[in-house]
Amino acid sequence: MEYSFRQIEKKWQAEWKKKETYRVSNTSDKPKCYVLDMFPYPSGAGLHVGHPLGYIASDIYSRFKRLKGYNVLHPMGYDAFGLPAEQYAIEHGVHPAVSTDANINNFRRQLDNIGFCFDWSREIRTSDPSYYKWTQWIFLQLFESYYDRREQKAKPIAGLVEIFKTEGNSHHPCPGDASIRFDAAEWNGFTEARQQEILMNYRLAYCGYGEVNWCEALGTVLANDEVVNGVSERGGFPVVKKKLRQWYLRITEYADRLLEGLERIEFSEAMKEMQTNWIGKSYGAEIDFAVRSERNAVSKLRVYTTRPDTIFGVDFMVVAPELEIVEDLKSAAQAAAVDEYLAYVKSRSERERMAEKKITGVFTGSYAINPFDGKEIPIWISEYVLAGYGTGAIMAVPCGDERDHRFAQHFNIPITNILGDQYDGVEANPTKDAILQNSGFLNGIPMREATNIVLEKLEQMGIGNRKVNYRMRDAAFSRQRYWGEPFPIQWKNGVAVPLPETELPLELPHVESYKPGPEGEGPLANIPDWVARELETNTMPGYAGSSWYFLRYMDPQNDQAFCSREASDYWGQVDLYIGGTEHAVGHLLYSRMWTKVLYDLGHIGFDEPFKKLVNQGMIQGSSRFVYRINGTNTFVSKGLLDAEGTYQGKTVDKLHVDVNIVDGYNLDVNAFRTWKPEYENAEFLLEDGAYICGSEVEKMSKSKFNTVNPDHIVEKFGADTFRMYEMFLGPVEISKPWDTKGIEGVHRFLKKFWRLYVDETKGLQLSSEEPTPEELKVLHKTIRKIEEDTERFSFNTAVSGFMICVNELNDLKCRKRAILLPLLVILAPYAPHITEELWQMAGETGSVLDASYPVFEEKYVKESSKAYPVAINGKTRTEITIDLNATQEEVEAIVLANETVQKWLDGKAPKKVVYVKNRMINVVL
RNA sequence: GCCCGGGUGGUGGAACUGGUAGACACGCAGGACUUAAAAUCCUGUUCGCCGAAAAAGCGAGUACGGGUUCGAUUCCCGUCCCGGGCACCA
């Protein structure tokens with residue numbers, strides 16, 4: 001019997017499906033383990049070999065945990081709402097629901113082919129009304145909540161209203177607009193509309209006007225993390241700043257808890273740092289400077305600084321051009337220049353501003369007064385100061401800040417040196433370790449001490465406060481698109497009114513046209529019925545559905561709650577979450593926030609969703625190139641090219657060729673001729689009878705013809721080989737190129753394993769003899785290695801471990817039942833099909849999946865251990881057999897008594913004997 | 001520019017807390033079986049030296065230069081290179 005992998009794999013995949021082998025129950029005596037993959041967006045392109053990498057790793061880990069006696073939740077679903085489906089609909093006239101469905105079916109077929117142990121009875125789709133009913137429900141929770149800063153948690157807004165009635169907002173400063181202050185009497189006197197307006201400034205999901213990233217080509221606004229280098233992440237279209245009414249998530253209120261939570265979870269350092277940088281917490285102070293202006297319309301200028309200690313080095317102030325205060329600062333003499341500059345700033349797109357960082361600015365004609373020495377400081381405006389951060393105004397200290405320094409030099413502003421010889425007059429020095437000079441009462445004081453002295457003084461004078469700032473902004477939460485969750489909100493006389501829970505889900509209506517509605521509204525604004533009901537016409541962004549999906553898997557059919565408390569208490573946090581790094585500041589931050597809100601409101605019992613995150617690397621494509629002599633249809637083999645990359649002086653075109661018609665580097669010339677019509681009559685200049693292609697490692701993509709379809713690999717080598725090979729390629733976290741050639745090695749291993757036990761004609765050969773100590777050693781060594789490697793995600797070395805094991809058993813001609821059965825169990829997570837088949841052939845009942853993991857016994861490995869004493873000065877090594885149960889003293893005695901060691905010592909006593917790992921003993925001469 | 005990672009044979013990569021560097025596999029070379037091919041198996045494969053060859057031996061070697069240590073791919077300092085993230089956040 002040959003190893004006919006396709007037959008075996010099809011058989012077992014059907015069997016698992018029939019028996020619902022992977023169905024998981026929410027009630028079990030076993031400890032739980034929740035292993036989750038980032039669910040895919042079902043694109044039309046299908047899977048390439050890079051996609052399943054993380055799924056394979058999580059599948060192996062899930063199966064391993066199941067064998068170790070855990071109740072394992074390992075679900076899968078689809079992030080089905082999103083822009084690409086809608087773009088496709090606009091271009092091809094296919095409804096997104098239809099194309100998404102087709103894509104999902106294809107994904108599913110490809111996934112099934114690889115033999116994953118997903119519990120498909122728990123499948124979810126974010127575009128399914130029974131799912132987004134709860135996305136809408138959670139949105140309403142956010143809408144109906146505010147963040148209590150004193151208790152550091154979200155609470156129902158109804159409670160806040162009660163507080164306002166009795167004490168106003170003196171203990172609850174308004175996060176949306178700090179200038180809103182009122183007492184109880186004032187609150188009770190407000191109109192309903194005014195009260196609602198104020199409450200909107202407290203809600204965790206709120207609607208407000210703000211500068212947003214507007215992408216004309218996509219016809220929607222985008223969140224900050226969806227804009228990269230001034231263009232849209234999807235499609236690379238230009239993005240401009242626009243003031244629009246938008247929904248937001250008040251994620252800034254959670255900044256501190258999002259930071260603090262990072263300390264309690266296992267994310268990679270790089271990932272934690274990315275999130276930390278995104279949140280961007282900085283400790284500083286706000287300082288009010290008195291202002292002397294022509295119009296006397298402004299009394300003070302408030303700036304934000306992290307370096308109050310450098311206050312004597314302030315040579316100018318800079319205000320963001322967008323600030324309203326600018327109007328009042330400009331003097332008659334400077335008015336024209338200021339207006340001209342403001343017009344210039346307005347004309348610049350975000351993109352231009354980022355691309356060319358020109359030093360620009362203009363003097364307003366007003367001055368600020370240094371509170372300590374009365375110095376007059378000119379106030380400038382410049383685009384390098386951002387309106388949205390801090391107070392939108394800074395105190396510039398050129399000798400200590402690079403940007404201020406460049407600005408001062410450019411505009412010939414005199415620079416005050418407060419750093420003594422730490423400042424060279426050429427470059428700013430941002431040090432915090434200098435002794436202050438030229439600094440009035442701070443002279444001679446180290447900077448770090450000065451900070452506090454200045455702050456205390458400013459506080460006494462009532463013109464300064466300590467202030468923490470965050471770089472993170474509230475997240476834009478509405479999209480002017482069709483293919484997303486509708487907001488369960490009605491607008492009545494300008495007031496947002498939530499739909500009652502009984503009317504959820506608010507289903508997405510069918511539309512004929514995906515064209516934007518009037519005035520930047522979404523396609524829903526084109527539906528008369530929708531508009532008549534005064535429903536919100538925006539839809540939620542892609543990250544809405546993915547911010548909580550891990551909870552739905554726990555209780556996917558529940559129509560009374562997003563997830564029963566019982567289910568979420570049982571499954572708890574995701575123990576292992578696997579996915580790419582591209583969601584570092586998007587999905588991973590939003591889902592962490594939603595989890596915290598649901599926790600605060602008492603709906604779940606944990607406030608971090610993911611206990612451990614593993615980021616899988618990308619599998620890159622290994623592209624192949626052919627070289628065509630320019631203007632001809634003749635292709636030159638790579639080795640025949642000149643050093644300059646030309647052929648006999650003629651230029652050649654380097655063209656991507658489909659990797660699937662190249663064997664290693666050898667082009668299949670006949671397949672090439674039929675690949676594209678224009679190559680039908682291609683001529684080849686061969687070397688040694690072959691056409692050799694060039695190669696390069698690039699991102700895997702259709703346009704580079706370097707994608708490899710897992711279907712083809714599975715067809716040719718089998719799913720078990722494919723799974724093991726993807727792991728064997730290297731550590732899961734590392735990006736590495738795909739190399740189809742290398743798969744032979746893993747395939748040979750499985751064939752060898754099969755042949756070791758299955759005779760071509762006689763079938764399975766198993767003896768029931770007792771294993772020898774040598775055989776037991778091989779087995780237990782392998783059990784230990786695989787268990788350790790699997791637990792620490794070192795799947796590549798685990799695969800090597802299996803290979804070594806089979807090679808050794810092959811040498812021993814060991815075909816014993818007592819060795820095979822435990823081996824099948826430890827191999828099952830990696831190669832589920834072949835092990836299931838052999839398990840059945842061996843006459844074992846049930847599935848190998850339900851076997852119990854063999855226990856590693858040290859005695860088998862220890863028995864024949866050896867010691868290797870090394871004379872460290874002589875570098876020589878000798879082998880001594882020692883029972884490693886011996887104590888260190890006994891080992892030393894045996895080693896020193898050894899003949900070779902005696903020779904090294906030559907009668908002298910050793911300086912010392914060092915007993916180290918790997919059975920090495922060093923004898924220092 | 002700043003902040004993280006990382007640099008090991010022809011290639012992917014091993015070496016877990018400092019302890020026989022290069023496991024395992026690909027590729028390559030040679031060989032066996034075969035009319036032949038496929039499949040399978042065996043041997044060799046870091047570099048250099050010594051040798052007709054084999055066995056054995058010697059020397060160097062984990063980007064480069066230094067340091068700590070009996071001992072460094074691993075720890076420390078400096079330089080170079082590659083990958084990723086952030087980029088006027090005061």
Side-chain angles (χ1 to χ4, degrees), chain A residues 2 228-229 268-278 280-282 284-285 303-307 310 318 320 353-354 357-359 382-397 400-404 406-407 430 469-473 581 584-585 615 617-618 622 664-665 695 724-725 728-731 733-749 751-752 755 760 785 788-789 792 794 796-805 807 810 868 870-873 875-877 879 910-925:
Chain A
E2 244 182 277
V228 180
N229 292 328
S268 69
E269 287 309 309
M271 175 65 64
K272 286 184 181 178
E273 194 180 305
M274 267 188 253
Q275 295 211 348
T276 305
N277 287 345
W278 184 262
K281 185 175 188 174
S282 77
V303 302
Y304 177 72
T305 181
T306 54
R307 298 296 302 275
T310 61
V318 188
R353 236 173 110 156
M354 282 179 163
K357 282 175 195 157
K358 287 196 277 186
I359 301 172
S382 171
E383 58 182 338
Y384 87 86
V385 171
L386 306 174
Y389 184 78
T391 61
I394 61 153
M395 54 178 233
V397 183
D401 184 281
E402 213 178 296
R403 295 155 302 182
D404 299 345
R406 277 199 304 266
F407 194 88
N469 259 326
Y470 299 93
R471 216 148 137 170
M472 182 169 66
R473 300 292 130 78
T581 44
V585 291
N615 297 114
M618 277 207 294
S622 183
Y665 299 99
S695 75
M724 291 190 86
Y725 182 56
F728 183 66
L729 232 35
E733 299 92 333
I734 303 291
S735 291
K736 57 247 159 189
W738 174 265
D739 169 22
T740 303
K741 264 241 135 88
I743 201 170
E744 302 272 358
V746 175
H747 192 53
R748 270 198 275 267
F749 153 74
K751 283 197 283 188
K752 204 188 263 186
R755 274 201 319 272
E760 229 169 285
K785 179 166 177 57
E788 277 176 10
D789 287 352
R792 67 184 173 105
S794 181
N796 57 328
T797 53
V799 174
S800 300
F802 286 121
M803 289 175 172
I804 295 166
C805 172
N807 283 340
N810 216 6
Y868 297 91
V870 171
I872 62 104
N873 295 345
K875 273 199 167 183
T876 338
R877 184 166 67 92
E879 187 175 297
K911 273 191 195 141
K912 60 179 161 180
V913 177
V914 193
Y915 186 52
V916 292
K917 76 172 204 182
N918 282 5
R919 285 165 270 133
M920 296 279 297
I921 293 133
N922 282 345
V923 182
V924 182
L925 303 181

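Values below: every heavy atom of this structure, side chains too, minus hydrogens, waters and symmetry copies. Chain letters run A, B, ... following the sequence lines, proteins first and then strands; every chain starts at 1.
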Review point. When the distance from CG of A/Asp401 to C1' of B/G1 is rounded to whole Å, what number comes out?
Key: 13 Å
Practice item. Using the P atoms only, state how far B/U74 lies from B/G6, rounded to an integer number of Å. Key: 13 Å
Exercise for review: Go through B/A90, B/C16, B/G13 for me and flag the one nearest to the A/Pro731 side chain.
Suggested key: B/G13
Review point. Nearest to the side chain of A/Ser800 - B/C88, B/A87, B/A23?
Key: B/A23
Practice item. Applying side-chain contact (heavy atoms from CB on, under 4.5 Å), name anything that partners A/Lys741, two or more places apart in sequence or on another chain. Key: A/Asp663, A/Asp739
Exercise for review: Please check if atom CD in A/Glu402 has more than 12 non-hydrogen atoms from other residues, nucleotides or ligands closer than 6.0 Å.
Suggested key: no
Review point. For B/A14, which nucleotide is its Watson-Crick or G-U wobble mate, given both distances must be under 3.5 Å?
Key: none
Review point. In whole Å, what is the span from the CZ atom of A/Phe749 to the P atom of B/A39?
Key: 19 Å
Practice item. Could you check which of B/C86, B/G85, B/G13 has an atom nearest any side-chain atom of A/Met274? Key: B/G85
Exercise for review: In whole angstrom, give me the gap between the P atoms of B/G66 and B/A23.
Suggested key: 29 Å
Practice item. Report the distance from atom CG of A/Leu729 to atom C1' of B/C24, rounded to the nearest whole Å. Key: 13 Å
Review point. Does B/C41 have OP1 or OP2 sitting under 4.0 Å from an N or O in the side chain of A/Arg755?
Key: yes
Pairs under 3.5 Å (N/O, protein and nucleotides 25-29 of chain B):
residue, atom, partner, partner atom, Å
B/A25, OP1, A/Asn807, ND2, 3.3
B/C26, OP1, A/Arg748, NE, 3.1
B/C26, OP1, A/Arg748, NH2, 2.5

Check your understanding: Closest to the A/Asn796 side chain: B/G13, B/C16, B/A15?
Key -> B/G13
Study note, to complete from the structure: Checking N1-N3 plus N6-O4 or O6-N4 for Watson-Crick, or N1-O2 and O6-N3 for wobble, each under 3.5 Å, the partner of B/G1 is B/C86
**Study point:** Inter-nucleotide C1' distance (B/C33, B/U43), Å rounded
**Key:** 16 Å
Review point. Should B/G9 form a Watson-Crick or G-U wobble pair with both distances under 3.5 Å, which nucleotide is its partner?
Key: none
Check your understanding: Closest heavy-atom contact between A/Gly801 and A/Lys785?
Key -> CA-CE, 3.8 Å
Point to revise | From CD1 (A/Ile394) to OH (A/Tyr384), nearest 0.5 Å | key: 4.0 Å
**Study point:** Straight-line distance of A/Thr797 OG1 to A/Glu788 CD, nearest 0.5 Å
**Key:** 9.5 Å
Practice item. Tell which nucleotide pairs with B/C58, taking only Watson-Crick or G-U wobble pairs whose two distances are both under 3.5 angstrom. Key: B/G48
**Study point:** Distance, rounded to the nearest Å, where A/Asn469 contributes CG and B/A90 contributes P
**Key:** 8 Å
**Study point:** B/U35 pairs with, by Watson-Crick or G-U criteria that keep both distances under 3.5 Å
**Key:** none
Point to revise | Spacing of the P atoms in B/C4 and B/U73 (rounded, Å) | key: 25 Å
Exercise for review: Map A/Pro737 and A/Ala393 onto RNA chain B by nearest heavy atom, then report which one ends up closer to the 5' terminus.
Suggested key: A/Pro737
Review point. Roughly how far apart, to the nearest Å, are B/G1 and B/C76 at atom P?
Key: 24 Å
**Study point:** Gap in Å between the two C1' atoms, one belonging to B/G18 and one to B/G67, rounded
**Key:** 15 Å
Check your understanding: Does the side chain of A/Val746 come within less than 4.5 Å of A/Met803's, by heavy atoms?
Key -> yes
Revision key, fill the gap. The residue, A/Trp278 or A/Gly730, whose nearest nucleotide of RNA chain B is more 5′ is A/Gly730
Study note, to complete from the structure: Between CD1 of A/Ile734 and P of B/G13 the distance, given in whole Å, is 8 Å
Review point. Nearest of B/C41, B/G12, B/A90 to any side-chain atom of A/Ile394?
Key: B/A90
Study note, to complete from the structure: Expected label for B/G66 (glycosidic angle, syn inside 90° of 0, else anti) would be anti
Check your understanding: Is A/Lys751 near enough to B/U40 that one of its side-chain N or O atoms lies under 4.0 angstrom from OP1 or OP2?
Key -> yes
Review point. Hey, does A/Ser800 have a side-chain heavy atom less than 4.5 Å from the side chain of A/Phe728?
Key: yes
Check your understanding: With a 4.0 Å cut-off on heavy atoms, is A/Val397 in touch with a base, just the backbone sugar-phosphate, or nothing at all?
Key -> nothing
Study note, to complete from the structure: Whole-Å distance, A/Arg406 CZ to B/A90 P, equals 15 Å
Practice item. Using a 4.0 Å heavy-atom cut-off across all strands, classify A/Ser282 as base, sugar-phosphate, or nothing. Key: sugar-phosphate
**Study point:** Rounded interatomic separation in angstrom, taking CG from A/Asp404 and C1' from B/C88
**Key:** 10 Å
Point to revise | Pair A/Thr581, A/Asn615: side-chain N/O donor-acceptor within cut-off below 3.5 Å | key: no
Review point. Does any nucleotide pair with B/U73 by Watson-Crick or G-U wobble geometry, both distances under 3.5 Å, and what is it?
Key: none
Point to revise | Note, A/Val585 side chain near A/Met472 side chain (heavy atom, < 4.5 Å) | key: no
Point to revise | Atom-to-atom span, CG of A/Asp789 to P of B/G13 - whole angstrom | key: 17 Å
**Study point:** Gap in Å between the two C1' atoms, one belonging to B/A39 and one to B/U34, rounded
**Key:** 11 Å
Revision key, fill the gap. Picking from B/C16, B/C4, B/G85, the nucleotide nearest the side-chain atoms of A/Glu788 would be B/C16
Review point. Would one find a side-chain N or O of A/Tyr384 under 4.0 angstrom from OP1 or OP2 of B/A90?
Key: no
Revision key, fill the gap. Value for OH (A/Tyr725) from OG1 (A/Thr740), rounded to nearest 0.5 Å, stands at 7.0 Å
Check your understanding: Mind checking the P distance from B/C16 to B/A38? Whole angstroms is fine.
Key -> 40 Å
**Study point:** B/U79 pairs with, by Watson-Crick or G-U criteria that keep both distances under 3.5 Å
**Key:** B/A63
